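The structure appears below as structure tokens.
Because only heavy atoms are used, hydrogens play no part in the values below, and waters and symmetry mates are left out as well, while side chains stay in. The model shown is predicted, which means the values in this text are computed figures rather than measured ones. The residues of the chain are indexed from 1 along the displayed sequence. One-based numbering, in listed order, for ligands and for the atoms of each.
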Amino acid sequence: MTDTATDRTVYRTCPLCEATCGLEISIRDGKVARIRGDRDDVFSSGFICPKGSSLKQLHDDPDRLRKPVVRRGIDADGAPVFEEVEWDEAWEVVAEKLTSVRAAHGTESVGVYLGNPAAHLLSASTHLRQMVKALGSHTRFSASTVDQMPRHVASGHLYGGGLIIPIPDIERTDLLVMIGANPFESNGSICTAPGFPDRIDAMRERGARVVVIDPRRTPTAEHADQHLAIKPGTDAVLLAAMMNHLFNVGSVNPAHLASIVDGLDELPAALAGMTPETAADVTGVDADAIRALAEEIADADSAAIYGRIGTCTVEFGTLTTWLIDVLSIVTGNLDRPGGSMFTSPASERVRPPSEGRPYKIGRFTSRVNNRPEVQGEFPVADLPDEILTPGEGQLRMMVTFAGNPVLSCPDGVRMDQAFSDLEAMISFDIYINETTRHADVILPPPGSLEKSHYDISFYSFGVRNIANYSPAVFDHDGPSEDDILAKFTLIAMGMGTDVDPAVVHDQLVRGLLEGEVRSDHSPVAGRDVDELVAMVEGPTGSDRVLDAMLRTGPYGDGFGSEPDGLSLAKLLRNPHGIDLGPLVPRLPGVLKSPANRINLWAGPFRDELDRLRARVHEWAEEPRLRLVGRRHVRSNNSWMHNLEVLVKGKERCTLQVHPDDARRFGLVEGGQAEIKSRVGKVVAPVEVTDLVMKGVVSLPHGWGHSMPGAKLEVAGRYAGINTNILTDPAMIDPMSGNAVLNAIPVEVAPA
Ligand SMILES: Nc1nc2c(c(=O)[nH]1)N[C@H]1C(S)=C(S)[C@@H](COP(=O)(O)OP(=O)(O)OC[C@H]3O[C@@H](n4cnc5c(=O)[nH]c(N)nc54)[C@H](O)[C@@H]3O)O[C@H]1N2
Ligand SMILES: Nc1nc2c(c(=O)[nH]1)N[C@H]1C(S)=C(S)[C@@H](COP(=O)(O)OP(=O)(O)OC[C@H]3O[C@@H](n4cnc5c(=O)[nH]c(N)nc54)[C@H](O)[C@@H]3O)O[C@H]1N2
Ligand code: SF4
Ligand SMILES: [Mo]
């Protein structure tokens, strides 16, 4: 399906972040000449950020792996030495390592870590679950526990499913309250809205108000009507106080939600004592401002309350997320236009309403720290313990897919130590980086422009319902990404290195369609599976799974029953995407909870509120300095620092300090500061700025590229320091296992 003409223009969805911008790519002489925003894209209308156009440089990066590499010992300086090999040889090494570690230590000794791009890549969306299952170990980790796990747990308890997530309807809202989110740099998260900054400006032009709650005066805050600077980690107290106030003044009105929500009456007692005055002491936000914002939300024709990294990666992450949704419920703003709504993605399964089940965590627990499984995984903060603590089930081998935990996850020093302690490691990645340098084999998938793309995950969290498919732009010498995943799956199943990966693709397509023909409400209920399988189209296994998914989805062509409906073929005819309309109310149909009702107390939130109440007293007394993170639009977690176009210019990995704190601690602009936490210390250049509030310092994450053996020539020259050396693995949100990356207590001094 790849068009091989040397001069052409193609349209493609950017796979780098959640915004899903449309790109217009001009190809001259078979090479990328220019990338700009696709003005005709139905969702992004021409918006692009600097990372989108750097796909050209990413494609051409000489450090990007084109062939597998196998580790051949270490050099005189102790750095690993890698040798490029053919795929056949790489697969033999993979099979040998997996077989020998399993034989010596058992299936449970092989752990897995899935990184952030796993949520973006089409082949990961279609094939990863199967691969992880084939590995057979319960010791699974992902970037979810340094990110959004609290969101899944709050949703699980409230709505019966971790993926049933309300999205702020920013197209129609009258009031957007953004808590711990900075879409002017991040371009949005769990809220797919390409051109987020333009959308915020447009909101204000049509008279909607925007409020930002953040310890830093971010670009987002600067574009808002109001910025409330909050002490890190204390948002739960603020939200509880706002709700408490609304009950006090009788402004609670769940409206259309009253008939499906249980437990509202118990809220006032549970929030007792959480007054705006108490909250003011702890949060640093004025009591009057707390009352005013609460009343503004209650009085607005519609209000959308949206929390992200700053509300998830804190000690009360799940409680905070729950409070956001409960505030939305008590003001009647859940599931109505202008409030927070549930997306209706094209990949969804059409099923009859059925009695849901209680959300469960802890179906099994972790070996070392006895943590409950959450969404089938354990806190990545515990990964080093699972590797370094001897005993039955100790991890002796890791498989990492598209992740860089040595930089991205807590206690970077110990994380690195743990990876070097393994007997074997296999990584799927495009770089030899700080993590994959520990691998025995690195399996590189095709580059971003050499594979098809469809954002199954992020179209599920869109502010509109959208479908857009991008075929590969260039042909690729090696195996496709789904072939790589399928091959590994077969090896992990013990079937050796010779079986054709198509077996896995066929089984995934057939399995999906078998489920459909058996299901009452499916557009293909009762049809013949073989007939449907024969109709499925697409150049790769992933494309075929996607085609089957779209055609049996809510907008699908039903394999003929709705000739105008969606299919891969139809998306190919629409390279700028298809707009399936604005969000529509979905309650109670979307619920998978018992009796299909929203029970506010389905999870242990009362206990969490009590725990919070106890903390409030500690926090009010404690003058400690708190560290928070920050993102920059020219960066993407730890992995786009090898592109000169993105990293050049003013140094970005700096410690931001408020002028008063700089004076207090003797720090000067351009000087060096030593930053110390319970678990580590780093030295970073000082940037004195009132963009951070007093008592708060900020370091970005994803830096620290000076480790021997990584093959990142450019990144090495702009190394920066790894802030997660300071991140304390003992601090987690107990309800979700999520790491605490913000509000870390630190001390600073001139270095
Ligand atoms: N202190 C602090 N730490 C944080 C955060 C924070 O805010 N503060 N944020 C956290 C968050 S939200 C996240 S999501 C995590 C991210 O944590 P990780 O997912 O562990 O880290 P990334 O830097 O996203 O690593 C992505 C990896 O995927 C590789 N890659 C890129 N494209 C492909 C591809 O097509 N295929 C394959 N196989 N690999 C590919 C890259 O080379 C890189 O190694 O970091 C977390 N860490
Ligand atoms: N350019 C760029 N874009 C990205 C990424 C990237 O690394 N770079 N990463 C992608 C990923 S994986 C993700 S998950 C998203 C994240 O998307 P966002 O959540 O929008 O990203 P952040 O910039 O981390 O915004 C978090 C904000 O929370 C604030 N904050 C910290 N602690 C607290 C607190 O206790 N309370 C409150 N109220 N605020 C607090 C921080 O100051 C920061 O401004 O971004 C994605 N997009
Ligand atoms: S905002 Fe995200 S999706 Fe859009 S161009 Fe930038 S990186 Fe790509
Ligand atoms: Mo993330």
Side-chain angles (χ1 to χ4, degrees), residues 12-23 35-38 41 43-44 46-55 115-117 119-120 142-149 151 177-197 212-221 227-239 283-285 306-317 320 324 408 448 455 458 626-641 646 656 691-693 696 698 700-703 740-744:
R12 183 169 185 75
T13 306
C14 176
L16 296 175
C17 88
E18 300 177 37
T20 72
C21 299
L23 307 176
I35 300 182
R36 55 179 189 178
D38 172 12
D41 185 276
F43 204 12
S44 62
F47 180 87
I48 186 172
C49 87
K51 292 188 296 298
S53 57
S54 76
L55 277 179
N116 169 273
H120 293 265
S142 84
S144 293
T145 52
V146 279
D147 189 346
Q148 81 291 354
M149 195 56 99
R151 183 58 266 180
V177 181
M178 278 189 276
I179 316 179
N182 184 14
F184 273 68
E185 304 279 7
S186 71
N187 278 293
S189 180
I190 320 197
C191 175
T192 294
F196 211 128
V212 169
I213 303 175
D214 198 302
R216 297 186 305 121
R217 196 172 73 249
T218 60
T220 307
H227 170 217
L228 298 173
I230 188 165
K231 290 191 196 166
T234 67
D235 300 78
V237 186
L238 181 95
L239 289 157
T283 62
V285 180
Y306 166 59
R308 212 37 284 279
I309 283 291
T311 55
C312 281
T313 56
V314 288
E315 189 193 334
F316 289 92
T320 308
I324 288 173
S408 299
S448 290
D455 259 293
F458 297 108
R626 295 278 174 163
L627 174 71
V628 302
R630 68 178 188 269
R631 284 178 159 75
H632 190 285
V633 73
R634 302 182 85 88
S635 184
N636 195 12
N637 296 321
S638 77
W639 74 276
M640 293 196 68
H641 299 155
L646 292 178
Q656 294 187 335
L691 290 174
V692 286
M693 70 190 281
V696 173
S698 167
H701 75 283
W703 300 91
V740 174
L741 306 175
N742 280 293
I744 299 169

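- Nearest protein neighbour of atom 16 (C) of ligand 2, counting heavy atoms only, is Ile309 CG1, 3.5 Å.
- Only the side chain of Asn742 comes within contact range of ligand 2, with a heavy atom under 4.0 Å; no backbone atom does.
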Run the numbers on Ile35 and Ile48 for side chain to side chain contact (heavy atoms under 4.5 Å, CB included), then give the verdict. CA-CA 9 Å; Ile35 300 182; Ile48 186 172; 4.2 Å; yes
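- When each atom of ligand 2 is checked for a heavy atom of Ile179 under 4.0 Å away, the hits are 38 (N).
- Distance alone, capped at 3.5 Å, is enough to place a donor-acceptor pair between the Ser44 side chain and the Gly22 backbone.
- Salt-bridge check for Asp147 with Arg308: passed, with a basic side-chain N closer than 4.0 Å to an acidic carboxylate O.
- Per-residue contacts place Arg308 under 4.0 angstrom from the following atoms of ligand 2 (heavy atoms of the residue considered): 14 (S), 19 (O).
- Lys231 does not count as a contact of ligand 2, since none of its heavy atoms falls under 4.0 Å from the ligand.
- Short contacts between ligand 2 and Val633, defined as distances under 4.0 Å to a heavy atom of the residue, involve ligand atoms 1 (N).
- Of the N or O atoms in Ile213, one or more lie within a sub-3.5 Å distance of an N or O in ligand 2.
- Closest of all the heavy-atom pairs between Pro50 and Val633 is CD-CG2, 4.2 Å.
- Looking at Ser698, its side chain does come within 3.5 Å of a backbone N or O of Gly629 through a donor-acceptor pair.
- Checking only distances, Ser186 does come within under 3.5 Å of ligand 2, N or O to N or O.
- In this structure, CD1 in Ile179 is found 4.5 Å from CD1 in Ile213, a value given to the nearest 0.5 Å.
- Using a 4.0 Å cut-off to heavy atoms of Thr218, the atoms of ligand 2 that qualify are 44 (O).
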Stepwise side chain to side chain contact (heavy atoms under 4.5 Å, CB included) test for Arg216 and Val628: CA-CA 9 Å; Arg216 297 186 305 121; Val628 302; 4.2 Å; yes
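- Looking only at distances, a side-chain donor or acceptor of Thr220 sits under 3.5 Å from a matching main-chain atom of Phe184.
- Considering only non-hydrogen protein atoms, atom 26 (C) of ligand 2 sits nearest to Gly180 O, 3.2 Å.
- Here Asn636 has heavy atoms under 4.0 Å from ligand 2 in both its backbone and its side chain.
- Panel note: side chain Thr192, backbone Phe458; a donor-acceptor pair is recorded below 3.5 Å.
- Residues satisfying the salt bridge (Lys or Arg N to Asp or Glu O under 4.0 Å) test with Arg626, not counting sequence neighbours, are Glu622.
- Shown in contact with Gly233 at under 4.0 Å from a heavy atom are these atoms of ligand 2, numbered in order with element: 34 (C), 35 (O).
- Protein N/O/S atoms closer than 2.8 Å to atom 4 (Fe) of ligand 3: Cys21 SG.
- The N/O atoms of Asn637, backbone and side chain alike, include one that comes under 3.5 Å of an N/O atom in ligand 2.
- In terms of heavy atoms, Ala193 sits closest to Phe43 at CA-CZ, 4.4 Å.
- Annotation: atom 29 (C) of ligand 2 to nearest protein heavy atom, Asp214 OD2, 3.1 Å.
- One N or O on the side chain of Asn636 and one on the backbone of Leu16 form a donor-acceptor pair closer than 3.5 Å.
- Atom numbering of ligand 2 starts at 1 in the shown order; those under 4.0 Å from a heavy atom of Pro232 are 34 (C), 35 (O).
- Looking at His632 next to ligand 2, an N or O pair under 3.5 Å apart turns up.
- Here the closest heavy-atom approach between residue Leu55 and residue Ser448 is recorded as CD2-CB, 4.0 Å.
- Comparing Arg631, Gln656, Glu315 against atom 21 (O) of ligand 2, the shortest heavy-atom distance belongs to Arg631.
- Residue Glu18 has no N or O atom closer than 3.5 Å to an N or O atom of ligand 2.
- Ring geometry for Trp703 against His641 counts as parallel: the plane angle stays under 30°, on a 0 to 90° scale with 60° as the upper cut.
- Protein heavy atom closest to atom 40 (C) of ligand 2, with residue, atom name and distance, is Pro215 CD, 3.3 Å.
- Considering backbone and side-chain atoms alike, Glu185 places an N or O below 3.5 Å from some N or O of ligand 2.
- What sits closest to atom 8 (N) of ligand 2 on the protein, heavy atoms only, is Ser635 O, 2.7 Å.
- In plain terms, the two heavy atoms of Thr283 and Val237 that are nearest each other are CG2-CB, 4.2 Å.
- Closest to atom 15 (C) of ligand 2, if we only count protein heavy atoms, is Ser189 CB, 3.6 Å.
- Remark: ligand 2 and Asp235 share an N or O pair separated by less than 3.5 Å (distance only, no angle test).
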Could you go through Asn187 and Glu18, starting from their C-alpha distance and side-chain angles, then the distance that decides it, and tell me whether this counts as side chain to side chain contact (heavy atoms under 4.5 Å, CB included)? CA-CA 7 Å; Asn187 278 293; Glu18 300 177 37; over 6 Å; no
Mind running side chain to side chain contact (heavy atoms under 4.5 Å, CB included) on Lys231 and Met693 for me, showing each step along the way? CA-CA 8 Å; Lys231 290 191 196 166; Met693 70 190 281; 3.9 Å; yes
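- Ligand 2 lies out of reach of Asn187, whose nearest heavy atom is not under 4.0 Å from it.
- Among all non-hydrogen protein atoms, the one lying nearest atom 14 (S) of ligand 2 is Asp147 OD2, 3.2 Å.
- Listed here is the closest heavy atom pair of Ser635 and Lys51: O-CD, 3.3 Å.
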